[in-house]
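Both ligands and their constituent atoms are indexed starting at 1 by order of listing. For reference, positions follow the sequence shown, starting with 1. Please read these numbers as outputs of a predicted model, since none were measured by experiment.
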Amino acid sequence: MSTVKVLRFGPIRYAQEAWQKLEQRPNVEVVESGASSREEFLKELNDGKFKDVNVIARTFESVKQTGLLDKELLTLLKEKTSLKAISHNGAGYDQVDAVECGKLGIQVSNVPSIVDAATADTHIYLLLGALRNFQDSTLRMLQGKWPTEKCAGTPVGHDPEGKVLGIYGMGGIGRAVRDRAKPFGFRKILYHNRNRLAPELEQGAEYVSMDELLRQSDVISINIPLNSATRHSINKDTIAKMKDGVVIVNTARGPIVDESAILPALKSGKVGAFGSDVFENEPHVNMELIRQPNVVSLPHMGTHTVETMKAMEEFVVKNVETFVDQGKVLSIVPELKGKF
Ligand SMILES: NC(=O)C1=CN([C@@H]2O[C@H](COP(=O)(O)OP(=O)(O)OC[C@H]3O[C@@H](n4cnc5c(N)ncnc54)[C@H](O)[C@@H]3O)[C@@H](O)[C@H]2O)C=CC1
Ligand SMILES: O=CC(=O)O
């Protein structure tokens, strides 16, 4: 078989061995880009530096080097390279226009399932932290307020027991959140998905319409991918349909929540608390939002564990290997299933 050329973006933190094995194969060559901005990458492309590249292996952070893999860039990649596949490191692949890739004959793979446990653990941390005002309490203690006020003056929180949990997006992570939430004694677990799941996947969770989920839930868990249908789906109108004092937790993607709508809702108490790992313009966060006493925040670290990051990086290599051996990536994204 002719040589497969792989353009790799992002550092290898844990999968050195897997990459070494791949690079030792006689029919694989790995190259890297020196670009630190989209302009620089466009220049490299236009100079013909990557004309034989067949596969791109990329990380979430490599968006700094290339910008989004949008229609403009994908069209140029198609023209200036021999690109056939993109192996993305992450479950969420919203930085890559997968539909456009399909039209251009480029396969896209992501990293599903491996991320579920670490992200759901992070979700539960935020859920409990938001219900109990834990971030506010830590800040108050650091400010030396404990000696003068009970619990450093932290507002009293709420128990999960007896509440209704609504999961918006019941895929791998949504189901892992459901399983972790059950022992806390939620009265009911609802979910909304594009399609109802088979009973063996529902595991007792009740399928409802989006309006019903908004109306009934005390806690809303956001576990839906970011796409044109979900962008800003938590907005002024949908927040108005929620219960007063609702707790919202987001470990999916920042732009699913319209931050200009949630900030006033947090200030008024309409939204009781917000726990979030992801933000609209990350890594540049709205400081007024994260400084609200009823916000618990993390800097997008759902999968930030040695074990999960290693497994994710290795799976990216596995997708490249499968492409080299079979001409097909292993975990093609849902939009492109059956197209290649
Ligand atoms: N904070 C972090 O570090 C992490 C964040 N994520 C985010 O979590 C998201 C979810 O990940 P997974 O559970 O692995 O995805 P998944 O693909 O397993 O599940 C997504 C679910 O959402 C449903 N869905 C998609 N679009 C919909 C729509 N418009 N309306 C209703 N339902 C829709 C799908 O049917 C599917 O059941 C990822 O897309 C990613 O953005 C994933 C991993 C780590
Ligand atoms: O945000 C992380 C991902 O895997 O998606």
Selection from Thr122, Asn193, Asp94 by shortest heavy-atom distance to atom 37 (O) of ligand 1: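 Looking at heavy atoms only, Asn193 sits closest to atom 37 (O) of ligand 1.
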Proximity to ligand 2 by part of Arg253, non-hydrogen separation under 4.0 Å: side chain
Proximity to ligand 1 by part of [X], non-hydrogen separation under 4.0 Å:
X: Ala229; value: side chain
X: Asn195; value: neither
X: His304; value: neither
X: Ile173; value: both

Close side-chain approach of Asn319 and Ser331, heavy atoms under 4.5 Å: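 Yes, at least one pair of side-chain atoms sits under 4.5 Å.
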Close N or O approach (Ala91, ligand 1; < 3.5 Å):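 There is no such contact.
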Option from Ile332, Val329, Leu336 for which side-chain contact (heavy atoms from CB on, under 4.5 Å) with Val108 holds: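 Only match with Val108 under side-chain contact (heavy atoms from CB on, under 4.5 Å): Leu336.
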Residue and atom name of the nearest protein heavy atom (relative to atom 4 (O) of ligand 2), distance in Å to one decimal: Ala91 N, 2.8 Å
Identity and distance of the protein heavy atom lying nearest atom 1 (O) of ligand 2: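 Among all protein heavy atoms, the one nearest atom 1 (O) of ligand 2 is His300 NE2, 2.7 Å.
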Atom 17 (O) of ligand 1: any protein heavy atom closer than 4.0 Å: no
Sub-3.5 Å N/O-N/O distance, Val115 and ligand 2: no
Within-shell test, Leu226 vs ligand 1, heavy atom, strictly < 4.0 Å: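 No heavy atom of Leu226 comes that close to ligand 1.
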CZ (Arg25) with more than 12 external heavy atoms under 6.0 Å: yes
Plane angle bin for Phe9 and Phe41 - parallel if under 30°, tilted between 30 and 60°, otherwise perpendicular: perpendicular
